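Predicted model only: the values in this text are computed from it and were never measured. Counting starts at 1 for both ligands and their atoms, in listed order.
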Amino acid sequence: MATSRQCWKMHTSDLVIFIALPAVTFCFLLQQAVALSTDPVEVVALNTIRRSLNDPLGNLNSWNSGDPCTSNWNGIFCYPMAISGYLHVQQLQLLQLNLSGSLAPEFGQLSQLQILDVMWNKISGTIPREIGKITTLKLLLLSGNELSGSLPEEIGYLPNLNRLQIDLNQLSGPIPKSFANLISVKHLHMNNNSLNGSIPAELSRLPRLLHFLVDNNNLSGQLPSELSRIPNLKIIQLDNNNFYGSTIPASYGNMTTLLKLSLRNCSLQGDIPDLSAAPQLAYLDLSMNNLTGLIPSGRLSDNVTTIKLSHNLLDGPISSNFSRLPQLQILSLSNNRLNGSVPSSIWQNKASIGNESFIFDFQNNSLTSVSGSSSTPNNVTTLFFGNPLCANPVQANVVNCKPQTVSPISGSITGFKLSCPSCPKDLDYEHNPLSPIPCICAVPVRAGFRLKSPGISDFRPYVDKFKVDLTWLLGLHVYQLYFDVYNWEPGPRLGLYLMLFPDNTSQFNIKRSVAYQAILSGWEITLSDVFGPYELLNFTMGSYSSTTRSAINIHNIEGFTLDEMKRATDNFNNSSLVGHGGYGKVYRGILADGRVVAIKRAQAGSLQGANEFLTEIELLSRLHHRNLVSLVGYCDEEDEQIVVYEFMSNGNLRNHLSAESKEPLNFTMRLRIALETAKGILYLHTEADPPIFHRDIKASNILLDANYTAKVADFGLSRLAPAPNVEGASPDHVSTVVKGTPGYLDPEYFLTHKLTDKSDVYSLGVVFLELLTGMKPISFGKNIVREVSIAFRSGRTFSIIDSRMGSYPSDCVDKFVSLAYSCCQDQPEPRPTMSAVVRELENIWKMMPESDVLQSDPSVSGSEKPSTPLCSYPHLSSDVSGADFLSSVVPNVTPR
Ligand SMILES: *[C@@H]1O[C@H](CO)[C@@H](O)[C@H](O)[C@H]1NC(C)=O
Ligand SMILES: *[C@@H]1O[C@H](CO)[C@@H](O)[C@H](O)[C@H]1NC(C)=O
Ligand SMILES: *[C@@H]1O[C@H](CO)[C@@H](O)[C@H](O)[C@H]1NC(C)=O
Ligand SMILES: *[C@@H]1O[C@H](CO)[C@@H](O)[C@H](O)[C@H]1NC(C)=O
């Protein structure tokens, strides 16, 4: 039995690790993390699930042997760490594998499952009610199968279910009222089934619902007006049901978040509600009903792209209100009883807009004339067939009286002709027509992709926005995404076939391809609202040699083999060494694809338990901020624990402040480093979920990249901020055993062992003092905080400012000193919060003379003109201009 003492020893390092768990628990975790394998209950369940599926293409052959989580069973992704001693299946991804057969009740035994995806197969039978036992389930994706029978009530009690997609099956019976308990559900996609009965008004209790798609079923009864109470509902799509005798509830007209209301062919009657209080409305389709009365005169949202009211019994005149809708693409009022004169201002204002086209369909009404200018802009189609005005030779001459069916504009994105030599066939190489360097053969990953319920009718003006949106979410350049055709399908839905090309390499590495698949099939991204929900139809990544696919799947993060690490560092050669400490050594490494990285290898005595290590990696992988050193990957093989970070070519801040530094930093750079560091820490405190206190902020943990952008390092070795207690309130501190680096340690924390966000503020204040004075926190028995406060109180502040930073604007330095001083108060209460620190530094930054700021880094300066007076350079001799002077002291800063 390991003693708690040994445990501590394992963590002793100059990087200071704080253990929130009682040490004894920790030892226990450490001991049992030896050979990991899948929970035997789940292994049995998976075997049963496998037997009830037919797999004609052998897609599940990998399921025939070995352990599900550690032997790469196709489609199985496990948690990176053991829970109560075993690995558990987190995701079952069986998208489009030609599977038939049925879903075994044993799915219910996968007790930790979060994603169950069997979309686009031919699975029949019923949905097992046992799925209702998987309380961890977030995504239940059964779309595009042949499932029948009714929906099990049990599914309604899944507290974490975010997305229920059972569309395109043969399910029948009612929508269970129990679905009103799906407190996390955002997406209910149940269209194209045979569901009957009425829509339960209880669904209005769903607090998170965004998209409600139940079109193409046999639903009946009254539309519940209560749906309008759902606070964030964006899409109501109920087309092709039979709500005979129902009206459209007036309350639907004042839903502040509603983007799309599609009730086509629903046998609805009564008036159209006033929709002028739906400010986000983009898409309105009420066509093919029995709606009567006038078109409401209230003005629709400026966001409206589509208005379809055709095939109803509407009468009265057409108001000129339709002329002020800047985004309008289609207005269809055909086959009604509209009369009077049509104001041509409705389409006249479309003339100036680029290469889009617009459709205004008034066919088969009782319209007698067009008022206003009679010319029609080229890109506008007006349709008047079947109106009395067509019998008038004068009118008929100027408007379009030919009958015409309006169909959506599918298209191809205009041709890119590449005259490149042909690519090798073996891996499905292709040229990327958009690549800045043409004719490089690369293997794209391909995805069949479909917008299920878009808020637009003409995609052309939105293509660029879509590309920017999607590539931004995937972290790609716009030119890495290519598609050449798109098709409108019934629904209407918009089908696209996407190709994602690698940049600067011929193929994404397998981990990256898997990550894209995981992102798309796990709905980890959300497109702009106007594109509505998407669905993934298939995903192909080109062939890979039999490289192992890591069974432990941590998104975005790469798992490296020990071999890869050895190759990157010339077998951990000392010539690659860039740093070392109690935890082990840091190497500069070059990966096979050319990326330069920092490779931190724990040494034998400092190894953590495998669970701990992976938990920490998983935590780190979720943190992304410009001012945090980012994690590239990890290696967890053969008793090695290696973390791979981005390489920071300018080393740590401490070295730049030391007397030996050959290129001392000027004040502007020091201020920028302070601001960037504070922003990184603020992110840890406020954006990380759960929040993180760094606990070891010091100049040597602040690294500088090639552009001298400051990034905070080693935050992962800190522990989480206190978790909310049972009452849900966060305690404001964690009691800990004191650890930290002398000189940076919050005195209050030292005395009381209570760690708070203000402890980080204190340590950061010490770093500020180092930036200002160049001193070390403790040197020759002198403490920096004491020295500065003596100088500060006696009005001699400038005597201790680091002379090596050259000339500086004294008013700004003054403010910075005051800020640093306030951060280093003994008591936590008077210290500013981290967000106040960031705000004050931003203020000082804005007061800096503009030439300095631009010189330093335009991206930080913000665009606002300073309203506050600028700081000036009292110490500057008159024959040197500020900019010249600066360029002589600023180390070579490479412009971005
Ligand atoms: C849904 O059902 C409608 C009506 O039967 C059909 O036109 C449409 O193609 C179906 N949707 C899909 C995606 O198959
Ligand atoms: C729904 O359909 C089933 C048959 O599938 C039928 O027995 C039941 O009465 C229907 N319910 C309603 C409300 O129409
Ligand atoms: C929304 O409309 C309903 C029905 O017209 C009405 O009762 C309700 O007060 C309206 N709510 C708001 C916030 O305007
Ligand atoms: C609707 O328009 C407003 C202002 O014009 C805009 O802020 C908002 O993002 C738009 N909504 C959508 C869904 O495009």
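Assignment of G197 to the shell around ligand 2 is supported, since a heavy atom sits closer than 4.0 Å. Using 4.0 Å as the threshold, L168 has a heavy atom nearer than that to some atom of ligand 1.
Distance check for atom 14 (O) of ligand 2: a protein heavy atom is found below 4.0 Å. Protein heavy atoms are found inside the 4.0 Å sphere centred on atom 2 (O) of ligand 2.
With hydrogens left out, the protein atom closest to atom 4 (C) of ligand 1 is N216 OD1, 3.2 Å, a heavy atom. Protein heavy atom at the shortest distance from atom 11 (N) of ligand 1 is N192 ND2, 2.9 Å. With hydrogens left out, the protein atom closest to atom 8 (C) of ligand 2 is N196 ND2, 3.7 Å, a heavy atom. Summary of contacts: the protein heavy atom closest to atom 7 (O) of ligand 1 is P490 CB, 3.7 Å.
Take Y516 and apply the ring-ring contact (aromatic ring centres under 6.0 Å, His included) test, not counting sequence neighbours, and it matches F508. Every side-chain hydrogen bond (donor to acceptor under 3.5 Å, both in side chains) that R50 has, sequence neighbours left out, goes to N64.
Note on D315 versus R337: no salt bridge recorded, every NZ/NE/NH1/NH2 to OD/OE distance being 4.0 Å or above.
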### Task
Evaluate the side chain to side chain contact (heavy atoms under 4.5 Å, CB included) criterion for residues L139 and N162: first the C-alpha distance (whole Å), next the side-chain angles of each, then the deciding distance (0.1 Å), finally the verdict.
CA-CA 6 Å; L139 310 186; N162 167 290; 4.1 Å; yes
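A donor-acceptor pair under 3.5 Å is formed between the side chain of N217 and the backbone N or O of N193.
Side chain to side chain, D167 and S143 meet the donor-acceptor criterion of an N or O pair below 3.5 Å.
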